[in-house]
**Q** 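What follows is a single structure, and I will ask about it in a moment.
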2 protein chains.
Amino acid sequence: MAAASRALNGRDGVDPCVRQRIQEVADELRYRPNRAARQLAGGRSSIIGLTLGNQFLVSSNYATALLGTIATAASTRAEGLMLIPDSGEQNSSVDNFLHDGMVDGVIISAMAVGSGWIEEFLDSPLPTIMIGAHPDRNDVHVVDVDNQVAARDAVEHLFDNGHRRIGAVTGPRSRVDSHRRLAGYYQAHERHGIAVDPELVIAGDYSNASGYEAADDLFAKEPDAIFAMNDDMAYGIVKRAHEQRVDIPGDISLIGFDATNPRGPINTPVTSMVQPFAKIANVAVQSLIALVEGKEVPREQLLRSELQRGQTVRDRSQA
Amino acid sequence: MAAASRALNGRDGVDPCVRQRIQEVADELRYRPNRAARQLAGGRSSIIGLTLGNQFLVSSNYATALLGTIATAASTRAEGLMLIPDSGEQNSSVDNFLHDGMVDGVIISAMAVGSGWIEEFLDSPLPTIMIGAHPDRNDVHVVDVDNQVAARDAVEHLFDNGHRRIGAVTGPRSRVDSHRRLAGYYQAHERHGIAVDPELVIAGDYSNASGYEAADDLFAKEPDAIFAMNDDMAYGIVKRAHEQRVDIPGDISLIGFDATNPRGPINTPVTSMVQPFAKIANVAVQSLIALVEGKEVPREQLLRSELQRGQTVRDRSQA
DNA sequence: TTGTACGCGTTATCAC
DNA sequence: GTGATAACGCGTACAA
């Protein structure tokens, strides 16, 4: 009995011969260890929680991609994935997750910051990994794309193609990734010795509509190109450009961020910086498990982003 | 000890006075029953599984809406919601869900049919509720909107507004809901004594792109109106109409289905039949719990759909 | 290397 | 109405 437990869990101290016999019998009996009993004895549920915040109901492509890849990553490691819905202000629900041992740890998307109940998780002894940085606290474990470098690469791609006067549409002020992307935008300008025209930086909020609205402002200022700090806004700009008979990329080039745009025959393929979703998910899940096991985990893990070429950046350098 | 268990679970056989004292102490100690122990003793995990199939990775608005509402519905009943990702053909993962007692039951979206592993759930002793009908089997418990009636209402709304020549774009053949919506389309015609022109019925697949492509076919046949059997396709039609300078609803009226279109300032508000997501989710969760508890549940529960007026249906009746 | 016995936290079954 | 006590199924020290 004890031998079986050890054998099936891959621990040593079992005669190889006996081990194999145990494995055979287990397979024959289609034996599966009971999760509840295992948890009760071992103290771990092998379930991780995931909270995406309100926003995911609005069906952002970013949220959906994150969800799918995290589900896969968790499944790969035989971990269950439990969805923690936004409970409004009814923190009793959160309270339960914290204290009844249903989950070993929680992955929190930065989209959820602002929903006050997130803080309860971060303040609790429950291991947590944030995907995206927290605006106020730097004592939390974070996994994210390297927003500043990626944004810098995006803008430099525009410079490389001969653009000089580059507009930008930012995300909401509450989002750290937006700040970093803006920092990358400035950094690219510095490197190329080009001054930023503050008038070309428009405040958006990552929504489709805010890109659409920002478009008019920007078009009037006649930039060479626009850096939309996410794809949702980039599409808002594309839409407005169509209506206003502005040719993209003929008149203005456009680069987005996230590469979450569905690349179908219908949609204009926007050039964008790829979110390495699969990698983010894997690192996040793996790190969370490490935390659960009491191991050390780097406080901030930033992943590289690649450029995804679409059809919205024109090469002016030769012209 | 036993009294505490009874008191906290609301069972009778406890002196009211003692019951209150127990409650007080429990609150004071911030006591939360341990889920693993409870499951081990009671045999129920209070976790339900949800599988949406591949498609949800493609981020259909329908899938996202379903996910959000089910998460809420489960949470309301203190049930955990576990996401069961499409494991490809690696059925070992499914096998685990079936045999390790992690979930008490599974909610399966009709979007997932075709992924063979769904059948494993349906064939297993694990209680299951499908959202949307299964194409081949009628021995499964189903919760869904009443597709036929809703589709009939949609088409009759067009009739009521003076349209007579009504085109349709269907979903994929594998989807029962598409068949039923088509049946409703025919039924509406019968009721009004109008013959269906088979040329006006175009096969789509619920994708944005298929609506876009079907649009050209339909525009050429000069219908009064079009019934797109979901909103994704309806938006493909809107997009194509813009490009072709077809005025909606000036030249052609349009009605969709699902009402999953984001109703922002950017998007044309398409008239559509509302999916009662919250109700579907509630009924599904409640029914699943009932099944887990061994109660009887109606084999098919169909919910009503309301018309959501947008700006894509013109009234020709007075003209 | 093997097997025995205990504990995990709760519910359910009984005598009282 | 109350309170011991036995499961529930597994991991794991500890003794053999």
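Note on naming: letters A, B, ... go to the chains in the order of the sequence lines (proteins, then strands), and numbering restarts at 1 for each one. Not measured: the values here are computed from a predicted model.
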**Q** Please state how far atom CG in Leu29(B) lies from atom P in dG9(C), giving the value in whole angstrom units.
**A**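 Answer to the nearest Å: 14 Å.
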**Q** At 10 degrees resolution, what angle do the end axes of the helix from dG3(C)-dC14(D) to dC16(C)-dG1(D) form when each is taken over five base pairs?
**A**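 Rounded to the nearest 10 degrees, the bend comes out at 50°.
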**Q** Side-chain donor-acceptor pairs under 3.5 Å in residues 13-24 of chain A, sequence neighbours left out?
**A**
| residue | atom | partner | partner atom | Å |
| --- | --- | --- | --- | --- |
| Asp15(A) | OD1 | Cys17(A) | N | 2.8 |
| Arg19(A) | NH2 | Arg11(A) | O | 2.7 |
| Gln20(A) | NE2 | Glu24(A) | OE2 | 3.4 |
| Arg21(A) | NH1 | Glu24(A) | OE1 | 3.3 |

**Q** Which residues pass the side-chain contact (heavy atoms from CB on, under 4.5 Å) test with Ala278(B), not counting sequence neighbours?
**A**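 By the side-chain contact (heavy atoms from CB on, under 4.5 Å) rule, Ala278(B) matches no residue at all.
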**Q** Figure out the CG/P separation between Leu8(B) and dT10(C), and round it to whole Å.
**A**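 For the pair Leu8(B) CG and dT10(C) P, the rounded distance is 9 Å.
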**Q** Return the value, rounded to whole Å, for the distance between atom CD1 of Ile22(B) and atom P of dG1(D).
**A**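 Rounded to whole Å, this separation is 13 Å.
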**Q** Roughly, in whole Å, what's the span from CD in Gln39(A) to C1' in dG9(C)?
**A**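 Roughly 11 Å, once rounded to whole Å.
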**Q** Given atom CG of Leu40(A) and atom P of dT10(C), what is their separation to the nearest angstrom?
**A**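 Taking CG of Leu40(A) and P of dT10(C), I get 9 Å after rounding.
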**Q** To the nearest angstrom, how far is Asn34(A) atom CG from dG11(D) atom C1'?
**A**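 From Asn34(A) CG to dG11(D) C1': 13 Å.
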**Q** Which parts of nucleotides 11-16 of chain C does protein reach within less than 4.0 Å, heavy atoms only, written one letter per nucleotide 5' to 3' as B for base, S for sugar-phosphate only and - for none?
**A** SB----
**Q** Run Arg137(A) and Asp123(A) through side-chain contact (heavy atoms from CB on, under 4.5 Å) and show every step you take.
**A** CA-CA 11 Å; Arg137(A) 33 205 312 174; Asp123(A) 288 330; 3.0 Å; yes
**Q** Any pair with a residue in residues 97-108 of chain B that passes side chain to side chain donor-acceptor pair (under 3.5 Å), sequence neighbours left out, goes on the list, sorted by first then second residue, please.
**A**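 Found Arg35(A)-Asp100(B), Ser45(B)-Asp104(B).
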**Q** Can you list everything that forms a side-chain contact (heavy atoms from CB on, under 4.5 Å) with Pro276(A)? Sequence neighbours excluded, please.
**A**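 Pro276(A): side-chain contact (heavy atoms from CB on, under 4.5 Å) contacts with Val145(A), Lys279(A), Ile280(A), Leu303(A).
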**Q** With sequence neighbours excluded, tell me which residues meet side-chain contact (heavy atoms from CB on, under 4.5 Å) with Ser5(A).
**A**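 For Ser5(A), the residues satisfying side-chain contact (heavy atoms from CB on, under 4.5 Å) (neighbours in sequence not counted) are Asn9(A).
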**Q** Report the residues that fulfil side-chain contact (heavy atoms from CB on, under 4.5 Å) with Ser124(A), sequence neighbours left out, ordered by chain and then residue number.
**A**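 With neighbours one apart ignored, the set is Leu98(A), Leu126(A).
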**Q** Of all residues at least two apart in sequence or in a different chain, which pass the ring-ring contact (aromatic ring centres under 6.0 Å, His included) check with Phe277(A)?
**A**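 Partners of Phe277(A) by the ring-ring contact (aromatic ring centres under 6.0 Å, His included) criterion, ordered by chain and then number, come out as Tyr62(A).
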